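Reviewing the structure listed below.
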Amino acid sequence: MPKTSETSLPDTGTDAGSDPKRWKALIFIALAQLMVVLDATIVNIALPTAQQDLGISDGNRQWVITAYALAFGGLLLFGGRIADLWGRRRTFIVGLIGFAVASALGGAATTEAMMLGARGLQGAFGALLAPAALSLLAVMFTDAKERAKAFGIYGAIAGGGGAVGLLLGGFLTEYLNWRWTFYVNIPFAIAAAAGAYLVIREPKGARNRSPLDIPGVVLSTVGLVALVYGFTRAEHSGWSDGLTVGMFIASAVLLAAFVLVESKVKAPLLPLRVLTERNRGGVYLSLGLAVISMFGLFLFLTFYLQVVRGYSPVKTGFAFMPMVVGMIVGSTQIGTRLMTRVPPRMLMAPGFLVAAAGMLLLTQLDLNSSFAGLIMPAQLLLGLGMGTAFMPAMSLATYGVNPADSGVASAMVNTSQQVGGAIGTALLNTIAASATTSYVSARAAGAADPKLLELQGMVHGFTSAIWWAVGILVVSAAIAFALINSGKPDMSASGTDGEGADGEVRVPVIAH
């Protein structure tokens with residue numbers, strides 16, 4: 001395949017890997033990523049109060065979450081391509097400013113329509129911001145040791161930020177009000193945008209100025225929106241609902257057409273070489289599956305702690321801290337220290353298995369499970385395993401890709417996580433609800449305390465779904481071990497070693 005034309009604005013270009021401000025840039029990239037990840041969970045805790053204040057019906061309540069998910073998931077590939085076309089620094093700053101404005105609108109919302117519009121805007125600007133952030137890391141950190149440290153920090157935030165969002169959301173809702181779960185994004189965004197403007201300088205030769213693939217944009221956006229909506233609808237309307245099934249069929253047709261178009265056009269939105277390279281494909285698949293388990297756990301553990309155990313929103317948030325600690329240790333200590341010494345699959349596969357062991361502990365939940373004896377060690381194992389696996393996954397997903405493709409490669413990481421999150425919430429919640437209904441129905445006739453039976457049924461539903469989450473993590477480990485065959489980075493090289501005829505940057509690795 002012929003090389004794409006790559007040039008860069010002279011006032012923002014530096015040689016890759018040599019920018020003396022790259023570590024300062026990492027601070028602002030990490031801050032922006034934290035803001036986006038926080039937003040995925042922070043609104044969940046504030047939703048009941050916001051619903052009451054704005055008069056949102058129970059039927060429309062889920063759209064506060066779904067509007068964000070649809071815009072974010074549907075526009076990620078487009079956002080990644082825009083980053084390649086405009087430049088990652090510019091896209092990053094525009095995404096931050098837009099996200100701040102959308103957050104201000106959400107915080108100031110006085111009607112249901114204003115709230116849903118603000119959430120859609122947040123998702124759209126998040127779809128610009130997230131791939132730009134990850135691709136900036138990919139093109140700025142090319143030395144193997146530096147890359148390991150940078151992606152260790154990024155991986156810890158990507159994995160643990162959701163749990164931090166539960167804590168922050170609980171604190172803001174309980175001690176201020178739900179509007180601050182939106183307003184809190186504004187200082188994050190302003191600080192990150194100002195820092196990015198001052199310190200981020202994009203390496204030369206990292207732009208992709210090829211014409212925008214409009215058919216690809218339309219097909220991928222509508223196809224991904226249909227897929228995400230199908231899963232979110234299945235959660236409350238059931239898998240056999242006509243519109244749910246129609247969404248899945250439409251998504252399959254549109255995404256198949258997208259792949260066909262991408263194989264034919266001269267300048268595709270998503271060059272298929274990004275997907276078909278064995279290691280990146282393995283990362284996208286295994287990471288997407290693992291996120292199914294993690295998002296499902298966030299949902300179940302939040303309900304268990306608040307409904308069954310009676311925890312306040314703030315106490316619930318603090319209860320997720322062992323997972324955050326495990327994520328940070330796994331990503332910045334275990335993953336970072338071993339990434340330059342062992343092949344990525346020897347971190348990812350064992351990491352997913354350790355996370356599965358943590359999930360396995362949680363299958364023993366009952367009405368009076370000890371936090372210190374069961375829930376805390378389970379979370380620590382889950383965090384350690386996911387943090388260890390996330391760190392090399394984030395790095396490998398963009399390592400060796402043509403710099404002009406780094407935006408869409410980064411967008412694919414976010415897309416796999418977003419789709420995985422939508423699937424996890426819908427699939428595991430459906431399994432849990434079905435198991436709960438069966439449990440309660442079988443015991444309702446002889447129940448002395450209907451309320452107690454309801455809580456017992458709820459916990460039974462959670463543990464039934466968590467067994468599925470264990471199995472999914474084991475499958476993730478098997479995929480990582482089978483598909484990812486890259487060796488450890490060659491420490492004598494600083495990142496890339498020329499470009500092949502197919503436009504793929506060749507990264508020196510030791511064969512495994």
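Values below: all heavy atoms of this structure, side chains included; hydrogens, waters and symmetry mates excluded. In this text the structure is predicted, and so the values were computed from the model without any measurement.
When side chains are defined from C-beta on, Leu76 does not count as touching Leu224, because their heavy atoms never get closer than 4.5 Å. Side-chain contact check for Met115 versus Phe182: some heavy-atom pair is nearer than 4.5 Å. Looking only at side-chain heavy atoms (C-beta outward), Phe352 and Val474 stay at 4.5 Å or farther from each other. The side-chain heavy atoms of Thr388 and Val354, taken from C-beta on, include no pair separated by under 4.5 Å. The side-chain heavy atoms of Leu453 and Tyr439, taken from C-beta on, include a pair separated by under 4.5 Å. The shortest distance between side-chain heavy atoms of Leu116 and Val64 falls below 4.5 Å. Inter-residue side-chain proximity for Leu455 and Val307 is flagged as met; some heavy-atom pair is nearer than 4.5 Å. Residues Leu367 and Leu452 have side chains in contact (heavy-atom distance under 4.5 Å, counting atoms from C-beta outward).
Between the CZ atom in Arg341 and the CG atom in Leu347 there is a gap of 11.0 Å [rounded to 0.5 Å]. Considering CE of Met35 and CD of Gln122, their distance stands at 8.5 Å, rounded to 0.5 Å. Separating the CD1 atom in Ile479 from the CG atom in Leu285 is a distance of 4.0 Å, to the nearest 0.5 Å. Between atom CE of residue Met359 and atom CG of residue Leu361 there is a gap of 11.5 Å, rounded to the nearest 0.5 Å. Interatomic distance, Met321 CE to Met376 CE, rounded to the nearest 0.5 Å: 13.5 Å. Annotation: the span from Arg81 atom CZ to Leu75 atom CG amounts to 15.5 Å, rounded to 0.5 Å.
A donor-acceptor contact shorter than 3.5 Å is absent between the side chain of Ser103 and the backbone of Asn185. Judged by distance alone, the side chain of Ser263 and the main-chain N or O of Leu260 form a donor-acceptor pair under 3.5 Å. Looking at Arg179, its side chain does come within 3.5 Å of a backbone N or O of Ala109 through a donor-acceptor pair. At least one donor-acceptor pair under 3.5 Å links the side chain of Thr463 to the backbone N or O of His460. Under the 3.5 Å distance criterion, the side-chain polar atoms of Arg278 are matched with a main-chain donor or acceptor of Leu483. Judged by distance alone, the side chain of Thr244 and the main-chain N or O of Ser240 form no donor-acceptor pair under 3.5 Å. Looking only at distances, a side-chain donor or acceptor of Thr436 sits under 3.5 Å from a matching main-chain atom of Gly457. Under the 3.5 Å distance criterion, the side-chain polar atoms of Ser434 are left unmatched by any main-chain donor or acceptor of Ile431. Distance alone, capped at 3.5 Å, is enough to place a donor-acceptor pair between the Ser251 side chain and the Gly223 backbone. Proximity of a side-chain donor or acceptor of Glu262 to a complementary backbone N or O of Leu270 within less than 3.5 Å is detected.
Taking the six-membered ring wherever Trp is involved, the centroid distance between the rings of Phe462 and Trp467 does not fall below 6.0 Å.
Atom CZ of Phe171 sits in a sparse spot, with 12 or fewer heavy atoms from other residues, nucleotides or ligands closer than 6.0 Å. Within 6.0 Å of CZ on Phe318 lie no more than 12 heavy atoms contributed by other residues, nucleotides or ligands. Enclosure of atom OH in Tyr311 by more than 12 non-hydrogen atoms of other residues, nucleotides or ligands within 6.0 angstrom is indicated.
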Could you walk me through whether Met386 and Leu473 pass the side-chain contact (heavy atoms from CB on, under 4.5 Å) test, one step at a time? CA-CA 10 Å; Met386 294 298 270; Leu473 281 169; 4.1 Å; yes
Stepwise, does the side-chain contact (heavy atoms from CB on, under 4.5 Å) test hold for Trp468 with Leu427? CA-CA 10 Å; Trp468 281 79; Leu427 176 64; 5.7 Å; no
Let me see the working for Tyr304 and Phe300 under ring-ring contact (aromatic ring centres under 6.0 Å, His included), right down to the final yes or no. CA-CA 6 Å; Tyr304 174 79; Phe300 299 144; over 10 Å; no
Ile375 vs Leu365, side-chain contact (heavy atoms from CB on, under 4.5 Å): CA-CA, chis, key distance, verdict: CA-CA 8 Å; Ile375 298 171; Leu365 275 179; 4.0 Å; yes
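Ring geometry for Trp180 versus Tyr183: interplanar angle over 60°, hence perpendicular rather than tilted (30 to 60°). Using the six-membered ring where Trp is involved, Phe231 and Trp239 have ring planes that are perpendicular, over 60° apart on the 30 and 60° scheme.
In the model, Gln364 has no side-chain atom that pairs as donor or acceptor with a side-chain atom of Asp366 under 3.5 Å.
The two residues Leu428 and Ser293 come nearest to each other via the heavy atoms CD1-CA, 4.3 Å. Of all non-hydrogen atoms in Ala319 and Pro322, the two that sit nearest each other are O-CD, 3.3 Å. Minimum heavy-atom separation, Gln379 to Met323: OE1-CB, 3.3 Å. Shortest non-hydrogen contact noted between Ile484 and Arg345 is O-CD, 2.9 Å. Residue Ala100 comes nearest to Ala189 through the heavy atom pair CB-CB, 3.6 Å, listed as atom of the first residue, atom of the second, then distance. Taking every heavy atom of both residues into account, Leu128 and Gly79 meet most closely at CD2-CA, 4.0 Å.
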